[in-house]
Amino acid sequence: LLMTHPAVAKAMLRTLDQRIRETQASTTSDATDEPPLRRSQMFRAQNLGLSELISTMSFLQQVELFKELETPELANLAGIAQEVPVLEGDTLFKEGDVGESLYLVCSGTIAIDVGGREVARLARGACLGEMALISGLPRSASANAVEAGKLLRIGSDDFTSLIEARPEIAIALLRTFAHRLRRASRRAR
């Protein structure tokens with residue numbers, strides 16, 4: 001069903017996202033007035049060299065969210081991922097911002113803050129920002145670089161098109177969200 005009806009997969013992702021948000025509701029704060037991020041450029045693959053494409057695909061295969069994808073899906077994903085350098089102190093997004101992209105940490109360290117309190121530090125292979133991107137709800141946390149590095153950014157429109165074309169990615173997201181919901185539920189007890 002999920003493979004043949006991407007709309008069902010998207011609805012399940014939204015439901016899981018909402019449950020995670022409800023579980024974490026006690027730690028959220030009010031929205032900010034920061035402007036939304038720019039949209040990603042469509043299909044960066046046209047400008048990628050073969051070695052860069054292979055390198056990006058190899059990295060994506062190590063990311064929990066995408067490790068079950070086959071080579072064609074990884075190539076499609078690598079094609080829409082935009083490399084973003086970050087410096088110490090850079091803000092990727094703030095709690096309450098519109099979610100227009102997700103990020104994958106290639107190098108460096110990103111701090112995640114909810115309500116002004118640091119709740120996590122993310123390093124190589126981590127994915128952030130996908131919940132707001134999928135649900136269409138405001139960001140549930142802020143993300144700041146605490147160590148310079150490199151990220152891959154995937155824009156909302158590109159990601160939505162890719163999920164509709166490749167339901168396998170939606171299924172991988174469902175698995176990841178289910179694991180997060182279980183962890184959040186355990187912590188809430």
Side-chain angles (χ1 to χ4, degrees), residues 2-3 5-21 24 28 31-48 53 56-57 59-60 63-69 72-86 90-106 110 112-114 122 125-145 150-178 180-181:
L2 295 174
M3 296 291 285
H5 294 84
V8 173
K10 287 172 69 175
M12 289 181 70
L13 287 169
R14 285 189 189 100
T15 300
L16 282 170
D17 172 69
Q18 184 60 37
R19 288 185 182 172
I20 291 169
R21 288 172 186 273
Q24 298 173 336
T28 60
T32 62
D33 294 323
E34 291 295 315
L37 299 171
R38 298 172 308 191
R39 296 217 179 262
S40 68
Q41 297 172 352
M42 189 67 167
F43 297 106
R44 180 179 75 105
Q46 298 169 358
N47 299 322
L48 288 179
L53 181 65
T56 302
M57 288 172 58
F59 168 75
L60 290 170
V63 174
E64 179 71 27
L65 190 61
F66 304 119
K67 71 179 184 180
E68 296 183 26
L69 296 181
E73 286 78 32
L74 288 171
N76 286 325
L77 198 57
I80 64 172
Q82 180 182 16
E83 193 173 295
V84 178
V86 292
D90 284 355
T91 298
L92 280 84
F93 51 81
K94 292 187 177 185
E95 197 169 345
D97 283 354
V98 174
E100 291 192 356
S101 57
L102 68 81
Y103 295 91
L104 304 168
V105 182
C106 299
I110 306 297
I112 305 299
D113 300 320
V114 176
L122 305 177
C127 181
L128 61 147
E130 73 284 0
M131 289 172 51
L133 185 139
I134 291 166
S135 69
L137 296 173
R139 300 275 189 197
S140 61
S142 297
N144 302 290
K150 181 178 81 171
L151 309 175
L152 289 179
R153 179 180 175 273
I154 300 173
S156 175
D157 291 343
D158 293 342
F159 191 69
T160 299
S161 296
L162 187 60
I163 283 180
E164 289 171 357
R166 300 291 187 187
E168 299 85 1
I169 294 174
I171 291 170
L173 277 170
L174 285 170
R175 285 189 191 108
T176 300
F177 275 20
R180 284 185 182 177
L181 180 57

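For the numbers below, each heavy atom of this structure counts, side chains included, while hydrogens, waters and symmetry mates do not.
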| task | Output the distance between atom CG (Asn76) and atom CG (Leu162), rounded to the nearest 0.5 Å. | result | 5.5 Å

| query | CZ/Phe66 to CG/Leu77 distance, rounded to the nearest 0.5 angstrom? | reply | 4.5 Å

| request: Heavy atoms only: give me the nearest Val63-Gly125 pair and the separation to one decimal. | output: CG1-O, 3.5 Å

| query | Listed by chain and number, what are the side chain to side chain contact (heavy atoms under 4.5 Å, CB included) partners of Ala141, not counting sequence neighbours? | reply | Ile112, Val114

| In Å and rounded to the nearest 0.5 Å, what is the CZ to CD distance from Phe159 to Glu100? | 15.0 Å

| remark: When every non-hydrogen atom of Thr56 is compared with those of Ala78, the smallest separation belongs to CG2-CB, 3.6 Å

| With Asp90 via side chain to side chain donor-acceptor pair (under 3.5 Å) - residues at least two apart | none

| query | For the residue pair Ala145 and Leu92, what are the closest heavy atoms and their distance? | reply | N-CD1, 4.2 Å

| said: Can a donor-acceptor pair be found, under 3.5 Å and without considering hydrogens, that links the side chain of Ser142 to the backbone of Glu95? | reply: yes

| For Gly155 and Ser101, which heavy atoms make the closest approach, and how far apart are they? | CA-CB, 4.0 Å

| For Glu64, all residues meeting side chain to side chain contact (heavy atoms under 4.5 Å, CB included), sequence neighbours excluded | Lys67

| said: Closer than 3.5 angstrom, by distance alone: can the side chain of Arg139 be matched with the main-chain N or O of Phe93 as a donor-acceptor pair? | reply: no

| query | How far apart are the closest heavy atoms of Phe59 and Val105, and which atoms are they? | reply | CZ-O, 3.2 Å

| Roughly how far apart are Asn144 CG and Thr91 OG1, rounded to 0.5 Å? | 4.0 Å

| request: Return yes if some donor-acceptor pair links the side-chain N/O of Asp97 with the main-chain N/O of Lys94 below 3.5 Å, else return no. | output: yes

| message | Which residue in the set Leu104, Leu102, Val86 passes side-chain contact (heavy atoms from CB on, under 4.5 Å) when paired with Leu151? | response | Val86

